[in-house]
Amino acid sequence: MIEARNLTRRYGPTVAVNALSFDVRPGSVTGFLGPNGSGKSTTMRLILGLDRPDAGRARIGGRRYRDLRFPLREVGALLEARAFHPGRSARSHLTAMAAGNAIPRGRVDEVLDMVGLTSAAGRRAGKFSLGMGQRLGVAAALLGDPAVLLLDEPVNGLDPEGVRWIRELLKSLAAQGRTVFVSSHLISEMALTAERLVVIGRGRLLADTTVAEMSAGAASLEDAFFRLTSEAVEYREVPS
Amino acid sequence: MIARVARMEWIKLRSLRSTWWTLAVTVAGTVGIGVAVGRNSRDAAVDLTNNALAGVVPGVLLAGILGVLTMTGEYSSGTIRVTLAAVPRRSVLLAAKAAVFGVVALIVGEVASFVAFFAASANVGHGLAAPTLGQPGVLRAVVLTGAAFSLIGLLGLGLGAIVRHSAAAVGVLVAGVYVVVQVIGFLAHGVAAYMPILILANSLSTTRPVACTDCPQFLSAWAGLGMLSLYAAIALAIGGWLLARRDA
């Protein structure tokens, strides 16, 4: 269970996240939708305590992230595709994380196997393709067998097989009763993966709903999304 | 808690090939320069131990740079967000990082210092008598010189936490350790004795007080060690304070 209450964050004059409140419940995949620059990544960083909110709070299972004793065993996160040192092997990267949270070493080989990186585990991760980097990120998120998962754009850079793999993985994790919160700007992908949706635009909550509810009365989820966000998109100037 | 975070940081440090290359070059450079300077010493009145340890002046720079990169590498690669997700207590993280890096740099520094001393002693030229560890001040000079690698390395780690960008932090380190002293020498002669590089060359790696007509009053070996420790502690304290307050 993830709770955001009145979450607010400014960067200079820009309000990146504006009084955002929502709950992400266990047992289903919750999609986090919004146009580029709408504050999805900032919200995820605020939940993980990487950035500080100017107001409001985020709680995971009722507690602040930084108060978790073994955070990786409660929350798994994938924030960006290449959050690892290019000179370090995938296995060393995961082994270090595991050591920091008292996770048994055997778990490293388990998650490497789950994401299909066993044969590449000893290679320097800097040589990985974008898709392999995403798989390593997913392995890191699953390392502590956490009840809560946050994934920021996990299908970026994946081939069609990888996209389907992520989709089935997220659904199965939710079916096991976990809380799965996954951001994307690919609405069609969310239509296939998520049951629930949190939609934001310009840092504000636009909808906290289900995929079925949001698609009802529109030709597609995409149409419903554009109708919802049309007011909230910052149009860029057309270069002359 | 700090023990398992230290384990994490030890795995991270040892799993980078660049760590071992840098440390190997640090030792080789320190020893090589020490032997070369030692062989060229002709005057029986000079401090042969100090000459044998001449390589430490460039040697500590590599330890300092490795310290910088141990921190800034987290930012340039984006690993910092994974690291902080695993260890949200940021002061604990920096303390563990400093402890692990400090011990590794200390061991490597002592190895470099002792090997340089013995290699230079074995190659003393011009019919001079080789210095031995039993002579007054020699063991102290060799041990404290080894410790300087760790302290300059920790200064680099602290600067890395403050500046966060590799090139800029290395620039600040080089400026602080090697360049500022040139300016200070002109502007405030007396303060020059507190500059890291002069502490290293004239306080730590000498067996007897250096006195010359134009020199400032150099610090004693232990006072010099205290100053270097203070510099490292200040850099780490500011770095830790900023790390705890800034966005990652």
Side-chain angles (χ1 to χ4, degrees), chain A residues 9 11 41-42 44-53 64-103 105 108 122 124-126 133 136-137 140-141 143-144 146 150 152, chain B residues 1-23 65-66 68-97 99-101 104 160 164 166 241-248:
Chain A
R9 175 65 208 232
Y11 295 102
S41 296
T42 302
M44 291 215 166
R45 285 203 303 273
L46 292 170
I47 293 170
L48 294 171
L50 294 172
D51 290 10
R52 283 166 176 260
R64 293 187 304 180
Y65 188 88
R66 78 170 98 143
D67 293 335
L68 302 176
R69 185 149 180 259
F70 297 108
L72 299 185
R73 285 153 62 170
E74 301 187 46
V75 184
L78 168 68
L79 284 192
E80 54 210 299
R82 296 195 154 267
F84 45 78
H85 197 292
R88 199 173 279 130
S89 72
R91 180 175 282 115
S92 296
H93 176 73
L94 295 172
T95 305
M97 289 175 70
N101 276 247
I103 296 164
R105 269 204 71 146
V108 170
R124 287 150 55 103
L136 177 53
L143 187 61
L150 276 88
D152 197 3
Chain B
M1 173 176 184
I2 188 137
R4 64 182 157 79
V5 181
R7 254 186 63 72
M8 174 176 102
E9 288 302 322
W10 165 234
I11 294 168
K12 280 159 69 178
L13 188 64
R14 75 167 189 222
S15 60
L16 289 179
R17 234 183 284 169
S18 53
T19 300
W20 300 109
W21 275 113
T22 311
L23 293 175
I65 290 174
L66 187 60
V68 165
L69 295 180
T70 298
M71 198 66 215
T72 56
E74 295 252 354
Y75 288 97
S76 58
S77 64
T79 316
I80 188 69
R81 282 172 284 279
V82 173
T83 300
L84 291 177
V87 184
R89 299 271 299 279
R90 299 183 183 190
S91 51
V92 172
L93 173 74
L94 190 64
K97 229 184 208 337
V100 167
F101 182 77
V104 169
R164 296 192 285 186
S166 303
W241 188 80
L242 289 171
L243 179 65
R245 266 150 200 82
R246 291 197 285 215
D247 292 335

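Letters A, B, ... mirror the listed sequences (proteins, then strands); counts begin at 1.
Counted within 6.0 Å of CZ on B/Arg14, heavy atoms from surrounding residues, nucleotides or ligands total more than 12; the atom is thus considered enclosed. The local environment of CZ in B/Arg7 is sparse, with at most 12 non-hydrogen atoms from other residues, nucleotides or ligands closer than 6.0 Å. Atom CZ of B/Arg89 sits in a sparse spot, with 12 or fewer heavy atoms from other residues, nucleotides or ligands closer than 6.0 Å.
Within the 4.5 angstrom heavy-atom criterion, only side-chain atoms of A/Arg124, from C-beta onward, approach chain B. At a 4.5 Å heavy-atom cutoff, A/Arg73 makes no contact with chain B through either its backbone or its side chain. Contacts of A/Leu48 with chain B are absent, with no heavy-atom separation under 4.5 Å from either backbone or side chain. Residue B/Arg90 touches chain A through its side chain alone, counting heavy-atom pairs closer than 4.5 Å. Contacts between A/Arg9 and chain B at a heavy-atom distance below 4.5 Å involve the side chain alone, from C-beta outward. For a residue to count as touching a neighbouring chain, one of its non-hydrogen atoms must lie under 4.5 Å from one of that chain's; by this rule A/Ala102 touches chain B with backbone and side chain alike. Both the backbone and the side chain of A/Arg66 come within less than 4.5 Å of a heavy atom of chain B.
Heavy-atom minimum distance, A/Tyr65 versus B/Pro88: CE2-CG, 3.7 Å.
Here the CE atom belonging to A/Met97 is positioned 10.0 Å from the OG1 atom belonging to B/Thr79, to the nearest 0.5 angstrom. Taken to the nearest 0.5 Å, the NZ atom of B/Lys12 stands 9.0 Å off from the NE2 atom of A/His93. For the atom pair A/Leu50 CG and B/Arg246 CZ, the distance stands at 14.5 Å (nearest 0.5 Å). Here the straight-line distance linking atom OG1 of B/Thr19 with atom CZ of A/Arg88 works out to 8.0 Å at 0.5 Å rounding. Here A/Phe70 contributes atom CZ and B/Met1 contributes atom CE; the two are 8.5 Å apart, rounded to the nearest 0.5 Å. Residue B/Ser15 holds its OG atom at 9.0 Å from NE2 of A/His85, rounded to the nearest 0.5 Å.
The most heavy-atom pairs under 4.5 Å with chain A, out of B/Ile80, B/Val82, B/Ile11, B/Leu16, come from B/Leu16. Between chain A and the residues B/Met8, B/Glu74, B/Glu9, B/Arg245, the most heavy-atom pairs under 4.5 angstrom are made by B/Met8.
Listed for the A/Asn101 side chain is a donor-acceptor partner under 3.5 Å among the backbone atoms of B/Ala86.
Using a 4.0 Å cut-off between charged nitrogen and carboxylate oxygen, A/Asp152 and B/Arg81 do not count as a salt-bridge pair.
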